[in-house]
Number of protein chains: 2
Amino acid sequence: MTDNEGFGNDLVWLSVLVQRRYAQICADHDLTSTQATLLCVLKDQPQGMGDLAQLLGVAKNALSGLVDRIERRGLVQRETPEHDRRAVTLSTTALGKKIVGALYADVAERMPDITSTLPADEQHQFANSVARITAPAHRTALLEHNTNHPKADEQIAG
Amino acid sequence: MTDNEGFGNDLVWLSVLVQRRYAQICADHDLTSTQATLLCVLKDQPQGMGDLAQLLGVAKNALSGLVDRIERRGLVQRETPEHDRRAVTLSTTALGKKIVGALYADVAERMPDITSTLPADEQHQFANSVARITAPAHRTALLEHNTNHPKADEQIAG
DNA sequence: TATTGTTATACTCTATAACTATA
DNA sequence: TATAGTTATAGAGTATAACAATA
């Protein structure tokens with residue numbers, strides 16, 4: 001306990017350092033952090049507005065404006081699925097895919113420098129821990145919308 | 001290299017998780033993340049506007065508005081030092097100190113849960129690494145303004 | 001009636017540029 | 001002239017509440 005007292009606040013500071021660098025990298029690709037994260041979540045598969053809002057941790061109405069701006073720039077596109085004309089499915093355009101791919105690579109290259117003050121083996125161990133902490137979040141990103149929509153399971157089962 | 005490929009992006013995800021929880025804790029104390037971080041930086045000693053802007057990673061003019069809002073709520077106070085009437089020294093009020101103290105404790109209590117998916121010994125090692133990564137940032141917070149103002153050193157020396 | 005998404009409104013945060021007061 | 005900070009303006013992000021269209 002004693003030598004762990006500042007851990008929570010250290011975590012916040014680490015995230016500030018990461019976010020600062022992330023914002024810089026995003027800016028180099030003409031994106032805000034929020035826009036970049038939206039593109040990343042959308043990178044591998046389309047999402048509905050509701051699910052996407054949940055994944056990003058924002059309210060649906062906030063997402064509408066977010067999508068307006070990034071759609072205006074031609075990086076994502078809205079589509080209305082035939083089976084439910086209330087819904088909107090969001091996906092990245094070819095340009096969006098290209099940009100998010102470059103961003104991803106740039107983050108992978110420039111972000112690890114954050115841990116450069118650690119000895120090599122500790123860096124390795126740290127990367128491992130970070131991967132294990134964030135793994136559930138990745139799974140959530142893929143499964144959460146199924147959890148909330150039993151019908152989707154039925155469709156798969158049927 | 002191979003098993004490290006996603007490290008940079010994992011770090012970003014970790015920081016998103018931390019920031020989300022941090023925002024929630026701050027909101028429970030009626031603060032935005034930015035306001036909370038400003039109070040934390042100001043917690044132990046007063047700062048000038050310029051130095052504070054640098055510590056927070058924002059431009060001076062952005063800081064003016066930030067301080068306006070949080071001063072209006074009585075959590076910080078502006079003062080003009082006699083030796084340079086252009087300058088403004090910012091410090092926390094008694095109320096500000098009380099609130100930032102409670103916030104700090106709450107963060108320390110609720111944030112470590114982020115690593116709950118790791119086994120105990122790995123949590124310990126992880127906390128250790130985070131402390132070592134953020135330590136230079138803490139030092140910077142305390143020393144940076146001296147670096148930029150040689151006169152301060154002279155005053156101490158004299 | 002319930003659900004999906006959007007609009008209206010308001011506030012915080014941030015950047016650029018122009019400005020004021022002091023040194 | 002240079003420096004410390006503020007004001008003006010604009011845009012992004014976010015929340016609450018009211019709304020429209022569809023199921």
Side-chain angles (χ1 to χ4, degrees), chain A residues 16 19-20 22-24 26-39 46-73 75-90 145 148-152, chain B residues 16 19-20 22-24 26-39 46-73 75-90 145 148-152:
Chain A
V16 167
Q19 287 291 325
R20 231 173 252 184
Y22 184 52
Q24 181 57 62
C26 293
D28 290 346
H29 293 258
D30 267 309
L31 294 169
T32 65
S33 305
T34 306
Q35 291 170 343
T37 303
L38 189 157
L39 285 179
Q47 297 280 353
M49 295 290 282
D51 294 333
L52 189 54
Q54 210 173 342
L55 294 176
L56 294 177
V58 303
K60 282 192 302 180
N61 37 22
L63 182 58
S64 284
L66 235 48
V67 170
D68 285 348
R69 286 185 288 273
I70 203 168
E71 185 184 30
R72 211 179 299 145
R73 292 183 44 191
L75 307 191
V76 306
Q77 57 198 359
R78 282 177 164 103
E79 273 174 290
T80 299
E82 294 162 7
H83 61 80
D84 185 347
R85 311 233 326 269
R86 293 172 304 183
V88 166
T89 299
L90 211 69
H145 63 290
N148 292 335
H149 302 305
K151 282 180 188 172
Chain B
V16 167
Q19 286 292 323
R20 232 174 251 185
Y22 184 53
Q24 181 57 62
C26 293
D28 290 346
H29 293 259
D30 267 308
L31 294 169
T32 65
S33 304
T34 306
Q35 290 170 343
T37 303
L38 188 156
L39 285 179
Q47 296 280 354
M49 295 292 280
D51 293 332
L52 189 54
Q54 209 172 344
L55 294 176
L56 294 176
V58 303
K60 282 191 303 179
N61 38 20
L63 182 58
S64 284
L66 236 46
V67 169
D68 285 348
R69 286 184 287 275
I70 203 168
E71 184 183 31
R72 210 179 300 146
R73 291 184 42 192
L75 307 191
V76 305
Q77 58 198 355
R78 283 176 162 104
E79 275 173 289
T80 299
E82 294 161 6
H83 61 80
D84 185 348
R85 311 236 325 269
R86 294 172 303 182
V88 166
T89 299
L90 211 68
H145 64 289
N148 292 334
H149 303 304
K151 280 180 187 170

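Here is how names work: the chains are called A, B, and so on, in the same order as the sequence lines, proteins then strands, and each is numbered from 1.
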Are A:Arg78 and A:Leu90 close enough that some pair of their side-chain heavy atoms sits under 4.5 Å apart? yes
Answer yes or no: is there a side-chain heavy-atom contact under 4.5 Å between B:Glu79 and B:Val88? no
Counting only distance, no hydrogens or angles, is the base of D:dT3 paired donor-acceptor with the side chain of B:Arg86 under 3.5 Å? yes
B:Asp68 CG to C:dC11 P, in whole Å, measures 15 Å
Between the base of D:dT16 and the side chain of A:Asn61, is there any donor-acceptor pair under 3.5 Å? yes
Given C:dC13, C:dT7, D:dG13, identify the nucleotide with an atom nearest to the side chain of B:Leu66. C:dC13
Rounding to a whole Å, what distance do you find between B:Gln19:CD and C:dC13:P? 13 Å
Flag side-chain contact, heavy atom, 4.5 Å: B:Gln35 against B:Leu39: no
Taking atom C1' of D:dA17 as reference, at what distance in whole Å does atom NZ of A:Lys60 sit? 13 Å
Between atom CG in A:Leu31 and atom C1' in D:dG13, what is the gap in whole Å? 15 Å
Inspect the surroundings of CZ in A:Arg85 and state if more than 12 heavy atoms from other residues, nucleotides or ligands are less than 6.0 Å away. no
Closest nucleotide among D:dG13, D:dA15, C:dT4 to the A:Ala87 side chain: C:dT4
So, OP1 or OP2 of C:dG5: does either fall under 4.0 Å of a side-chain N or O from A:Arg85? no
Among D:dT14, D:dT22, C:dT14, which is the nearest nucleotide to the side chain of A:Val58? D:dT14
From the list C:dT6, D:dT6, D:dT22, which nucleotide is the closest neighbour of the side chain of A:Met49? C:dT6
Do the side-chain N or O atoms of A:Thr34 get closer than 4.0 angstrom to the phosphate oxygens (OP1, OP2) of D:dA12? no
Flag the pair B:Thr32 / B:Arg69 as yes when at least one side-chain heavy-atom distance between them is below 4.5 Å, and no otherwise. no
Could you tell me how far apart A:Gln54 (CD) and C:dG5 (C1') are, to the nearest whole angstrom? 15 Å
Closest to side chain of A:Ala62, choosing from D:dT22, D:dA12, D:dT14: D:dT14
Short side-chain N/O contact to C:dC11 OP1/OP2 from B:Arg69, under 4.0 Å: no
How do A:Asp84 and A:Arg72 order along DNA chain D: which one's closest nucleotide is nearer the 5' end? A:Arg72
Do the non-hydrogen side-chain atoms of B:Thr34 and B:Val58 ever get within less than 4.5 Å of each other? no
Quick one: A:Tyr22 OH to D:dG13 P, roughly how many Å, whole number? 12 Å
d(CG, A:Leu56; P, D:dA15) in whole Å: 11 Å
Between A:Val76 and A:Glu71, is there a side-chain heavy-atom distance shorter than 4.5 Å? yes
What integer distance in Å separates B:Glu79:CD from D:dG5:P? 14 Å
Does any part of the side chain of B:Val16, heavy atoms only, come nearer than 4.5 Å to the side chain of A:Gln19, both counted from C-beta? yes
Are OP1 or OP2 of C:dG5 and a side-chain N or O of A:Arg78 less than 4.0 angstrom apart? no
Bend angle of the helix from C:dT1-D:dA23 to C:dA23-D:dT1 from five-pair axes at both ends, rounded to 10°? 20°
